[in-house]
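I have placed the structure first, in the form of C-alpha cells, so that the comments after it can refer back to it.
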Amino acid sequence: MEIGFNVAETLETRIAAVASEMEEFDETFAPDVRPADPRFGDFQANGVLPFAKKQGLNPRALADKLVGRLDGGAWSGVEVSVAGPGFINFTLRPPALLDWLLTYRGENDLKNGASDLYQGKKLVVDYSSPNTAKQMHVAHIRSMVLGEAISRLFEFSGAQVVRDNHIGDWGTQYGKLIHAYKHYLDAEALKSDPLEELERVYKKCDNLCKEDPSVLDSARAELVKLQRGDPENRTLWEEINRISESAFEAIYEELGIRFDTHLGESFYRDKVGEVYAELRRHGIAQESEGALVVFHPEHPRFKKQPFIIRKSDGASNYASTDLATVLYRVREWKAEKIIYVTDGRQQDHFQQLFLTVRKWFASTGRPVPELDHVWFGTILGEDGKAIKTRSGNPIKLKDLLAEAEQRARSIVEEKNPGLPAEEKDDIARAIGIGAVRYADLAQNRTSDYVFSWDKVLSFEGNTAPYLLYAVARIHSIFGRMGESAEIDESSATPFETGQEQQLARKLLTLPEILKMTLGDLRPHFLCTYLYELAGDFSGFYNADKVLVDDAGVKARRILLCRRTLLVLEEGLRLLGIRTLKRM
RNA sequence: GCGGCAGUAGCUCAACCGGACAGAGCAGCGGUUUUCUAAACCGCUGGUUGGGGGUUCAAGUCCCUCCUGCCGCGCCA
C-alpha cells in the first residue's frame with residue numbers, strides 16, 4: 001500500500017474501498033480514522049461501531065470480517081488489529097515510518113501535501129480592524145495573532161488569501177476628534193507621541209462635552225462639516241488617520257503582520273445606498289421607529305431583536321458598512337469564504353449579518369460565500385477579571401510587548417550571559433514576543449484565559465520558550481557536526497528504540513492536525529501538537545545519542561532531528577513565531 | 001426575562017462530528033549530568049469532569065432540570 005501525505009486519509013480511503021466490496025456495508029459507512037492513543041497504535045478506525053449498531057450487527061464480528069479482507073501484501077507496512085467492542089487499530093511498522101519520512105523531506109513537500117486541503121479557494125480574512133485615534137490595548141492582540149495564524153495556515157494549505165484590515169475610520173468619534181484637534185492640541189506632544197496626544201485631547205473633549213453643551217454642539221457641527229466634504233476637516237480626518245496608521249504599523253511590524261488591503265469603513269460610505277435599496281426591494285429590510293432594520297421571523301430571538309442597518313437620522317452604522325463590505329468582497333475579489341476574527345461579544349451582530357447576507361444574496365442571485373465568525377474570549381488578569389493595570393486602565397499593547405522583551409532579556413542574561421549583547425537583544429525579542437503570542441494561540445480561543453508572566457515565559461509546559469529551546473537544541477547538534485551533517489539519508493536504518501518510534505509516529509500525524517486546525521479554525525490544536533512533538537523530541541534526545549559511530553543509526557537519528565526541526569520551525573512560522581538558532 | 005459562552009486535579013489548561021483506564025504543565029515528593037544546550041529528562045502523589053435525572057454497547061462530550069460566573073439583547077464598533 002502506498003502511504004500518502006495524510007496517513008489517516010489514506011487508511012480511510014482504503015478501508016472504504018474494501019468495505020464497498022462487502023455486502024454487509026453500504027455507502028453510509030464512514031471508517032472514521034483518527035490518530036490513536038499510543039497504547040493502541042498510530043491510528044484507529046471507530047466507524048464500525050456505530051454502523052454495526054445501526055444495522056443490528058455484532059460490531060466485533062463485523063470489524064473482524066473487515067480486517068480479514070485487509071490482509072495481504074498491500075498492507076504489509078501496517079499492522080492491523082481489532083480490539084474491544086470493534087475498534088480497528090493500525091500501527092505502522094518502522095520501515096513504513098521511515099518511508100514516509102524519506103518521502104516528505106522539506107518545506108515544499110509539506111506545503112504540496114497540505115495544499116490539497118484548500119487548493120485555489122479564494123478567501124478573505126478580516127482581522128485586527130482597530131478604530132482610529134485609539135491606542136491598541138491588550139484586548140486587540142487576539143484578533144491580530146489569531147487572524148495572522150489563520151491566514152498563514154490557509155495560504156500554506158493552498159488558498160488564495162486576502163488579508164483585509166477593516167479599520168474603523170468613519171464614525172461619530174470624528175466630531176469630537178476634530179473639535180479637540182482644533183482647540184486643545186499641544187504641538188510638542190503631538191510631535192513626540194502623536195497617538196498619545198490624540199487620545200489625550202479626545203478624552204478631554206469627551207469630558208468637556210458632558211459639562212458644556214456648547215462644546216458638544218461644536219463637535220456635532222464638525223462631524224456634519226466632515227460628512228459634507230469640508231476641505232479643512234477632510235484634511236484633519238486624513239491627518240488623524242495617518243497618525244493612527246503609523247502607530248498601528250509599528251505594532252504590526254513588531255508582530256510580523258502585513259495586510260494585503262486596509263479598506264476601512266470610510267471606503268464603503270458611498271456604497272451603502274445600494275444595500276438599503278436592494279434589501280428594501282426584496283422585502284428583507286423594513287422601516288421601524290425611523291430606522292431601517294432587518295428582522296428574521298424564523299429566528300427565535302432575531303424575530304424581535306432588530307439588525308439596524310440605517311440609523312433614524314439617516315446615518316450608516318457598522319451593520320451598513322459590513323453589508324456593503326461583503327458585497328464588495330464577493331463582487332471584486334470573488335471571495336468564496338470570509339472569516340471575521342473578533343471578540344465574542346459581537347456574536348449577535350455577525351449572526352444577524354450572516355442571516356441577512358444569505359437572504360440578500362439568494363434573492364439577488366449572487367453566489368453566497370461561506371461566512372465564519374472566529375470569535376474569542378477575554379484575556380484575564382491573575383485575579384480572574386479582565387486584565388488591567390494597577391490603576392484600573394487598559395494595558396497598552398506596546399507596553400505589554402516592551403515588558404515581554406524586557407523580561408525575556410533578563411532571563412537570557414541569566415541563562416546565557418556569554419552571548420554578544422546584540423544577539424541577546426534579538427533573542428529577547430523573539431522569546432518575549434513569541435511567548436505572548438503563543439500564550440494566546442495555545443488556548444482554546446472560545447475560552448477566556450488567565451494571563452500570567454510566569455506562565456507565558458516559563459520554559460516548562462506548553463510555552464513558546466519550551467518550543468524555541470527544542471529548536472535551538474536541534475540546531476546545536478547540526479552546528480556541532482559542521483560539514484559532516486551532509487549525511488546520506490538513504491543509509492538510515494529503521495527505527496528501533498521506543499523514543500525513535502514515538503517521535504517518528506508523531507511526525508506522521510502533522511497532516512491530520514493541520515486539517516483539524518483549519519476545519520475548526522482553532523490554532524490551539526496545532527500548538528498542542530507542536531508541544532507534544534517537542535516533548536517527544538526531548539525524550540528522544542535524552543535517551544538516544546544522535547552522534548554515534550554506527551552510520552545507519554546515526555543517519556536515522558539525524559533524519560529524525562531534521563524532520564523534527566522542519567515541522568517545529570514550519571509550525572511555529574505558521575503561527576507567526578520566529579525561531580532561533582541558539583538561545 | 002431571552003440568548004451565547006463557560007464550570008474538568010490545590011492552580012493554569014487539554015481531551016478532534018459520543019469511543020478504550022479523563023491527559024499535560026505548575027505546585028508537592030523522589031531520581032538523572034566525565035555524553036549532542038540540565039532553559040532538559042524520568043518516576044510518584046493528586047479526579048464522583050458544578051449538582052441531579054435521562055438516552056446509549058459506550059457520556060466530560062447528547063437531552064431535561066437546577067446552581068454559579070462572564071458576556072450580549074434598538075440606533076457604539
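All chains are named by letter (A, B, ...) in the order of the sequence lines, taking the proteins before the strands, and each is independently numbered beginning at 1.
- Among the heavy atoms of the strands lying under 4.0 Å from Gln346(A) is at least one base atom, whether or not backbone atoms are also near.
- Residue Ser476(A) is in base contact, counting any heavy-atom pair closer than 4.0 Å across all strands shown.
- Base engagement by Ser288(A) is indicated by at least one non-hydrogen atom pair under 4.0 Å involving a base atom.
- Between Tyr469(A) and A40(B), no base-stacking contact is recorded for ring centres under 5.5 Å apart and planes less than 30° from parallel.
- The distance from atom CE of Met481(A) to atom P of U37(B) is 12 Å, rounded to the nearest whole Å.
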A correct dot-bracket answer for RNA chain B, with pairs being Watson-Crick or G-U at under 3.5 Å, [ ] for crossing pairs and | for inter-strand pairs, is (((((((..((((.....[...)))).(((((.......))))).....(((((..]....))))))))))))....
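- For the pair Arg480(A) CZ and C36(B) C1', the computed distance is 6 Å after rounding to whole Å.
- If you take CD of Gln352(A) and C1' of G74(B), they are 10 Å apart, rounded to a whole angstrom.
- Separating the CD1 atom of Ile309(A) from the C1' atom of G74(B) is a distance of 13 Å, rounded to the nearest angstrom.
- Between Arg34(A) and Asn46(A), some side-chain heavy-atom pair lies under the 4.5 Å cut-off.
- His349(A) has no side-chain polar atom (N or O) that falls below the 4.0 Å cut-off from OP1 or OP2 of C76(B).
- Counting to the nearest Å, the P atom of G25(B) and the CG atom of Leu457(A) are 19 Å from each other.
- The number of heavy-atom neighbours closer than 6.0 Å to NE2 of His349(A), taken from other residues, nucleotides and ligands shown, is above 12.
- Between Lys53(A) and C57(B) there is a side-chain N or O to OP1 or OP2 distance below 4.0 Å.
- Phosphate proximity of A38(B) to Arg473(A): present, with a side-chain N or O under 4.0 Å from OP1 or OP2.
- Counting heavy atoms of neighbouring residues, nucleotides and ligands inside a 6.0 Å radius, atom CZ of Arg409(A) exceeds 12 of them.
- Across all strands shown, Asn462(A) has no heavy atoms under 4.0 Å from either base or sugar-phosphate atoms.
- One can place OH of Tyr531(A) at 15 Å from P of C13(B), the figure rounded to the nearest angstrom.
- The separation of C62(B) from C5(B), taken at their P atoms, amounts to 10 Å, rounded to a whole angstrom.
- Between the side-chain ring of Tyr541(A) and the base of A40(B), no stacking contact exists by the 5.5 Å and 30° definition.
- When heavy atoms are screened at a 4.0 angstrom cut-off, Glu289(A) is found touching base atoms of the nucleic acid.
- Here the closest non-hydrogen pair linking Ala408(A) and Ala428(A) is CB-O, 3.4 Å.
- Taking only side-chain nitrogens and oxygens, Tyr466(A) comes nearer than 4.0 Å to OP1 or OP2 of C41(B).
- As judged by a 4.0 angstrom heavy-atom cut-off over every strand, Ala470(A) is placed among residues making no nucleic acid contact.
- Taking 3.5 Å as the limit, the base of A15(B) and the side chain of Asn444(A) contain no donor-acceptor pair of atoms between them.
- By the 6.0 Å and 45° rule, Arg310(A) stacks over the aromatic ring of Tyr276(A).
- Across all strands, Lys304(A) comes closer than 4.0 Å to no nucleic acid atom at all (heavy-atom distances).
- Using a 4.0 Å heavy-atom cutoff across all strands shown, Val450(A) reaches sugar-phosphate atoms only and no base atom.
- For C75(B), its base sits under 3.5 Å from the side chain of Ser312(A) at one donor and acceptor pair at least.
- Using a 4.5 Å heavy-atom threshold, the side chains of Gln44(A) and Asn89(A) count as touching.
- Atom-to-atom, CG of Asp448(A) to C1' of C71(B) comes out at 9 Å; the value is rounded to the nearest Å.
- Backbone-only engagement by Arg345(A) is indicated by non-hydrogen atom pairs under 4.0 Å involving sugar-phosphate atoms exclusively.
- Across all strands shown, Arg582(A) has heavy atoms under 4.0 Å from base atoms, whether or not it also approaches the sugar-phosphate.
- Using a 4.0 Å heavy-atom criterion, one finds that Pro35(A) contacts the bases of the nucleic acid, with or without backbone contacts as well.
- Atom-to-atom, NZ of Lys424(A) to P of A39(B) comes out at 16 Å; the value is rounded to the nearest Å.
- Figure legend: cation-pi geometry between Arg522(A) and Trp375(A) absent, as NZ or CZ is not positioned both under 6.0 Å from the six-membered ring centre and within 45° of its axis.
- Here the two rings, on Tyr466(A) and Tyr531(A), have centers that are under 6.0 Å apart.
- For the pair Lys455(A) and Phe451(A), the cation-pi test (distance below 6.0 Å, angle within 45°) is failed.
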